[in-house]
Amino acid sequence: MRQSADPGGKIWDKDAASYRADPVRRETGVVKRIIGSALRAVLMAVLVAVPSLVLPSTTNDAAQITALVALVAAVVTFAEYYSEYPTFLEFRDAAPFNRLRFLGLFFCVLAASILTASHGDAPPNALQSFSDGAAQMLDIPFSPIRLLMIAFADMAHLIALDLVAEMASAVFVIAGAVLLLFWIHARFIFWPIRKKAFNFWINLPLFDPTSGRDVLFRLKRDASLNLVLGFLLPFILPALLKLWIGLFDPAALTVPEVMIWVVCAWAFLPLTLMMRGIALLRVAALIEEKRRRAYAQELQAA
C-alpha cells in the first residue's frame, strides 16, 4: 500500500485513489465514444439524404428508399465506431484518413446534387460555370470524362449529356483535390504517427501480418495493386457501365438520385483505392524505418 501525506497532514492511499478514479475515466471514455459514434452516424445519414434534400422534386418511393438506406448507414456507422474492437473499417484510429474520404464523398454528392437541381438555369451559378470550364478542359480524347460520355451516348434521348459531363468533371476535380491533400498530409505531416503510435490491428483489421510472406513485402504489394487499380478504374468503369446499359434496362439511370450516385461512385471508388495505396505505402515505410533502426542498434551493441 502506497500512502502519502498532504500539506494538512492527512494520510491518503494512492492505490485506492487511482482505483476510484479508473471507473470515472472509463465512464468518460464510454460517453465520448457514444457521442462520437452518434455524430458520425448522423453525418452518414445526412450524406445519404443529400440528393433528396437538394433536388426540388423527389418521388415518395425515392424518399422512402433514401430514408431506409440512411438508417442502415447510420446504424452500421454507429456500431463500427462504438465497438472497442475493429470489424471491417480500416484506419479507424488514424485520422484524417476516413474523415477525408467522407468529406470527399460528401462534396461530390453535394456538387452533383446542386448541378442537377440547377440544370438549365440562366444565368448559371458559380458551380455550373466552374464545372463547365472543367468539362471543357478534361474532355479530351481517351480521358475518363470522354469515356464516361461515350458510355452514356446511347441514352442521349433520356438524359442530358451536358449535365453528366458537368457532374463528372466536378466530382473528378473534388476527388483529385482530396487525394492530393491526403498525399501531402501523409508525406509531410508525419501521418499516422504525428500524435500517437500506430496500432496495426485496429487500423488494419482485415490484414493478417502473421500469414504469408514478410509483412513488408505484402504491404508494398497491396499498396501497388491499390494504386494501379485506382488509376485504371476511371477508365474501366465506363466500359462496365456501357455493358450494363446494353444488357439491362437503363431506365433506372433516368432517376436523378441514381445518376448522382453512379457518377459519384465512378469518382469515389478510385479515390478510396488510391488513398489506401498511399496509406499502405506509408505504413510500410514506417516498418522499414523501424527495422533499420533496430538493425543499427544491434550492430552498435555487437
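Using modelled atom types and a 3.5 Å distance limit, the side chains of Asp132 and Gln136 yield a donor-acceptor pair.
Ile34 and Leu89 fall into different hydrophobic clusters, where Ile, Leu, Val, Met, Phe, Trp and Tyr are joined by side-chain heavy atoms under 4.5 Å apart, directly or via other members. Hydrophobic clustering places Met149 together with Val262 (ILVMFWY residues linked when any side-chain heavy atoms are closer than 4.5 Å, directly or through intermediates). Neither Val50 nor Val69 shares a network with the other; the hydrophobic side chains, linked directly or stepwise wherever heavy atoms of I, L, V, M, F, W or Y lie under 4.5 Å apart, form separate groups for each. Taken together through direct or relayed side-chain contacts under 4.5 Å among Ile, Leu, Val, Met, Phe, Trp and Tyr, Leu269 and Ile236 form part of one hydrophobic cluster. Follow the hydrophobic side-chain contacts under 4.5 Å out from Leu71 and you never reach Leu47; the two are in separate clusters.
Applying the 6.0 Å contact sphere to CZ of Arg292 captures more than 12 heavy atoms from other residues, nucleotides or ligands. Counting heavy-atom neighbours within 6.0 Å of Asn60 CG, excluding the residue itself, gives a total of 12 or less. More than 12 non-hydrogen atoms from other residues, nucleotides or ligands lie less than 6.0 angstrom from CZ of Phe217. More than 12 heavy atoms of other residues, nucleotides or ligands sit less than 6.0 Å from atom CZ of Phe200. When the shell of 6.0 Å around CZ of Phe188 is examined, it contains more than 12 heavy atoms from other residues, nucleotides or ligands.
Using a 4.5 Å heavy-atom cutoff, the side chains of Phe152 and Leu253 are in contact. Taking the side chain as every heavy atom from C-beta outward, Val31 and Ile35 approach each other to under 4.5 Å. Taking 4.5 Å as the limit, every side-chain heavy atom of Phe207 sits out of range of all side-chain heavy atoms of Val283. Looking at heavy atoms from C-beta onward, Arg276 lies out of side-chain contact with Thr272 at the 4.5 angstrom threshold.
Of the possible donor and acceptor atoms, none in the side chain of Ser52 sits under 3.5 Å from a partner among the backbone N and O of Ala49. At distances below 3.5 Å, at least one donor-acceptor pair connects side-chain atoms of Asn98 with backbone N or O atoms of Glu90. Remark: side-chain polar atoms of Ser83 are not paired, donor with acceptor, to backbone N or O of Ala79 under 3.5 angstrom.
Separating the CG atom in Leu286 from the CG atom in Leu219 is a distance of 10.5 Å, to the nearest 0.5 Å. For the atom pair Leu233 CG and Leu237 CG, the distance stands at 4.0 Å (nearest 0.5 Å). One distance of note links OG1 of Thr66 with CG of Asp61; it measures 10.5 Å at 0.5 Å rounding. Atoms CG and CE, on Leu280 and Met275 in that order, are 11.5 Å from each other to the nearest 0.5 Å. One distance of note links CD of Gln300 with CD of Glu298; it measures 11.0 Å at 0.5 Å rounding. Interatomic distance, OG1 of Thr254 versus CD1 of Ile159, reported as 9.0 Å (0.5 Å rounding).
One finds no salt bridge joining Glu288 and Arg291 here, because no Lys/Arg side-chain nitrogen approaches an Asp/Glu carboxylate oxygen to under 4.0 Å.
Residues Thr77 and Ala73 approach most closely at OG1-O, 2.7 Å, considering heavy atoms. Closest heavy-atom contact between Pro270 and Ala265: CD-O, 4.0 Å. Contact between Ala41 and Ala74 at its shortest, heavy atoms only, is CB-O, 3.3 Å. Counting all heavy atoms, side chain and backbone alike, Pro51 lies closest to Glu257 at CB-CG, 4.1 Å. Contact detail for Leu227 and Met274: the closest heavy-atom pair is CD2-O, 3.6 Å.
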(request) Just do the side chain to side chain contact (heavy atoms under 4.5 Å, CB included) check on Asp154 and Lys242 with the steps written out, would you? (result) CA-CA 9 Å; Asp154 295 337; Lys242 187 173 181 61; 3.1 Å; yes

(request) Run the numbers on Leu216 and Lys220 for side chain to side chain contact (heavy atoms under 4.5 Å, CB included), then give the verdict. (result) CA-CA 6 Å; Leu216 193 60; Lys220 292 182 178 181; 4.2 Å; yes

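Under the side chain to side chain contact (heavy atoms under 4.5 Å, CB included) criterion, Pro256 pairs with Leu55, Thr116, not counting sequence neighbours. Taking Ser37 as the reference, Arg33, Phe78, Tyr81, Tyr82 meet the side chain to side chain contact (heavy atoms under 4.5 Å, CB included) condition, with sequence neighbours excluded. Residues passing the side chain to side chain contact (heavy atoms under 4.5 Å, CB included) test with Val76 are Val72, Phe88, sequence neighbours excluded. The side-chain hydrogen bond (donor to acceptor under 3.5 Å, both in side chains) search around Lys196 returns Asp93, not counting sequence neighbours. Among residues two or more places apart in sequence or in another chain, the side chain to side chain contact (heavy atoms under 4.5 Å, CB included) test is passed with Ala94 by Phe91, Trp191, Pro192, Phe198, Asn203.
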Which atom pairs, donor and acceptor, lie under 3.5 Å between side-chain atoms of residues 160-186 and protein residues at least two apart or in another chain?
from: Ser169; atom 1: OG; to: Ala135; atom 2: N; distance (Å): 3.4
from: Ser169; atom 1: OG; to: Ala165; atom 2: O; distance (Å): 2.8

